[in-house]
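Values below: every heavy atom of this structure, side chains too, minus hydrogens, waters and symmetry copies.
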Amino acid sequence: MPLINESHDSLPYIDAAPSAQARARAEKLIATELPSDYQTSIHPSIPESPECKFSPFIQQELDRKAAGQPLTGGIDLSRYEAPEPPTRSADSPPNLDEWRETLRKAYTASSHLSSRHENLTLLEESGKNAWLIGNSQLEDTLRALEKELAETKEAAESVNKQRKIAQESNQGELTGLEESWRRGVGAILDVELAAEDIRMKILEQRRQHAQQQAR
C-alpha cells in the first residue's frame, strides 16, 4: 500500500511542453510552498531509520576509525606461544610458582593449537561445500531481486502505456472541448466589450441630453 495517495492532473502525452518562462514561474511557485529545511529533512510519511546500537568495544573501534587513528592493542598473541622453562641456578631449588605459571601458559597454548587444528580440519572437510551453498543462496536472492525489479519495470511500463493510449484516444475530444472553451471565453469577452460600448454610448447620450437641457 503506498504511503502517499495523490493524483496529478497532467496530460504529458498530448500537452505541449511548457516554455522556459512558464517553467521558471512554476518552479518559483513550487519553491514558495516548500519548507526551508526540505533538502535536509525527510518526508514525514517516510519512517525513521532504526537507531543503531553497538557494543562499547565496537563503538570504540568506530570512533577510532572515524578519527583516523592507527590500530593499537588487540589480542595478545604471546599467550599462545610455547613458554620457555624458568631458569634457575644449579644449587637453588626450583621455584614452584614459576613452574605453575609456565605450565598454565603451556596448557593455554596447547588448547589454542588443538582448537585451531580442529577448525582447520573442519574447514578443509566442509568449507568448500559451505562456501558453495552460501554462493547458491546469494545467487537465489539475486535472481529473486532481479525478477522483482523486472516485474516492477514491466508494471510501470504497462501503466505508462495504458495512460498514453487513454490520453491519445481522448485527444480529439479534449481538443474540441478546449476549442469550445476558447470560443466560449471569446464570446463572453465580445459580449462584455459590446455591453461596455453600449454603456459608454448611453453615458454619452445622457451627457449630451443634459447639456441640451442646460442651454
Side-chain angles (χ1 to χ4, degrees), residues 1-77 123 127 129-186 188-189 192:
M1 182 176 181
L3 295 174
I4 304 173
N5 295 320
E6 294 181 351
S7 61
H8 301 278
D9 298 330
S10 59
L11 303 172
Y13 296 103
I14 60 177
D15 282 343
S19 62
Q21 186 177 3
R23 187 179 183 87
R25 288 199 302 267
E27 291 178 350
K28 184 177 180 181
L29 292 174
I30 293 174
T32 56
E33 296 291 335
L34 293 174
S36 58
D37 59 344
Y38 76 98
Q39 292 184 339
T40 57
S41 60
I42 62 175
H43 195 275
S45 298
I46 300 178
E48 296 183 359
S49 301
E51 183 180 358
C52 297
K53 295 182 179 180
F54 301 105
S55 65
F57 293 105
I58 296 296
Q59 187 62 46
Q60 180 180 356
E61 180 62 17
L62 291 175
D63 296 339
R64 180 198 66 79
K65 191 66 176 178
Q69 299 176 354
L71 178 63
T72 57
I75 300 176
D76 183 12
L77 299 179
L123 180 62
N129 293 333
W131 181 74
L132 293 175
I133 292 173
N135 284 348
S136 177
Q137 292 175 348
L138 291 176
E139 289 175 356
D140 293 340
T141 303
L142 178 60
R143 281 193 293 268
L145 292 175
E146 290 177 345
K147 181 181 178 181
E148 183 180 357
L149 178 60
E151 292 176 351
T152 303
K153 288 182 177 180
E154 184 178 356
E157 291 177 357
S158 177
V159 170
N160 290 331
K161 187 181 297 183
Q162 293 176 4
R163 184 171 63 168
K164 182 178 181 180
I165 293 173
Q167 291 182 14
E168 290 179 348
S169 62
N170 296 318
Q171 183 175 4
E173 181 181 359
L174 291 173
T175 302
L177 291 174
E178 185 176 2
E179 292 297 329
S180 300
W181 175 78
R182 291 179 185 275
R183 288 195 299 269
V185 173
I188 292 174
L189 292 176
E192 290 181 353

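- How far CG of Leu145 is from OG1 of Thr141: 6.5 Å, rounded to the nearest 0.5 Å.
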| said: Between Trp181 and Leu177, does the side chain to side chain contact (heavy atoms under 4.5 Å, CB included) criterion hold? Intermediate values first, please. | reply: CA-CA 6 Å; Trp181 175 78; Leu177 291 174; over 6 Å; no
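- In terms of heavy-atom proximity, Pro18 sits nearest to Ala22 at CB-CB, 4.4 Å.
- Gln59 is linked by a side-chain hydrogen bond (donor to acceptor under 3.5 Å, both in side chains) to Asp63, counting only residues two or more places apart in sequence or in another chain.
- By the side-chain hydrogen bond (donor to acceptor under 3.5 Å, both in side chains) test, Arg64 pairs with Glu61, sequence neighbours left out.
- For the salt bridge (charged side-chain N to carboxylate O under 4.0 Å, His left out) condition, the pairs that include at least one residue of residues 27-37, sequence neighbours left out, are Arg23-Glu27.
- Considering OG of Ser55 and NZ of Lys53, their distance stands at 13.5 Å, rounded to 0.5 Å.
- Listed by first and then second residue, the salt bridge (charged side-chain N to carboxylate O under 4.0 Å, His left out) pairs involving residues 135-149 are Asp140-Arg143 (not counting sequence neighbours).
- Tyr13 places a side-chain heavy atom less than 4.5 Å from the side chain of Asn160.
- For the atom pair CD1 (Ile58) and SG (Cys52), the distance works out to 12.5 Å, reported to the nearest 0.5 Å.
- Sorted by first then second residue, the salt bridge (charged side-chain N to carboxylate O under 4.0 Å, His left out) pairs that include residues 154-178, not counting sequence neighbours, are Glu178-Arg182.
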| task | Check step by step if side chain to side chain contact (heavy atoms under 4.5 Å, CB included) holds for Leu142 and Leu138. | result | CA-CA 6 Å; Leu142 178 60; Leu138 291 176; over 6 Å; no
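- Residues passing the side-chain hydrogen bond (donor to acceptor under 3.5 Å, both in side chains) test with Thr40, sequence neighbours excluded: none.
- One finds the CD1 atom of Ile42 at 6.5 Å from the OG atom of Ser49 (value rounded to the nearest 0.5 Å).
- In this structure, the separation between CG on Leu123 and CH2 on Trp131 is 12.5 Å, given to the nearest 0.5 Å.
- Within a 6.0 Å radius of CD in Gln171, more than 12 heavy atoms belonging to other residues, nucleotides or ligands are found.
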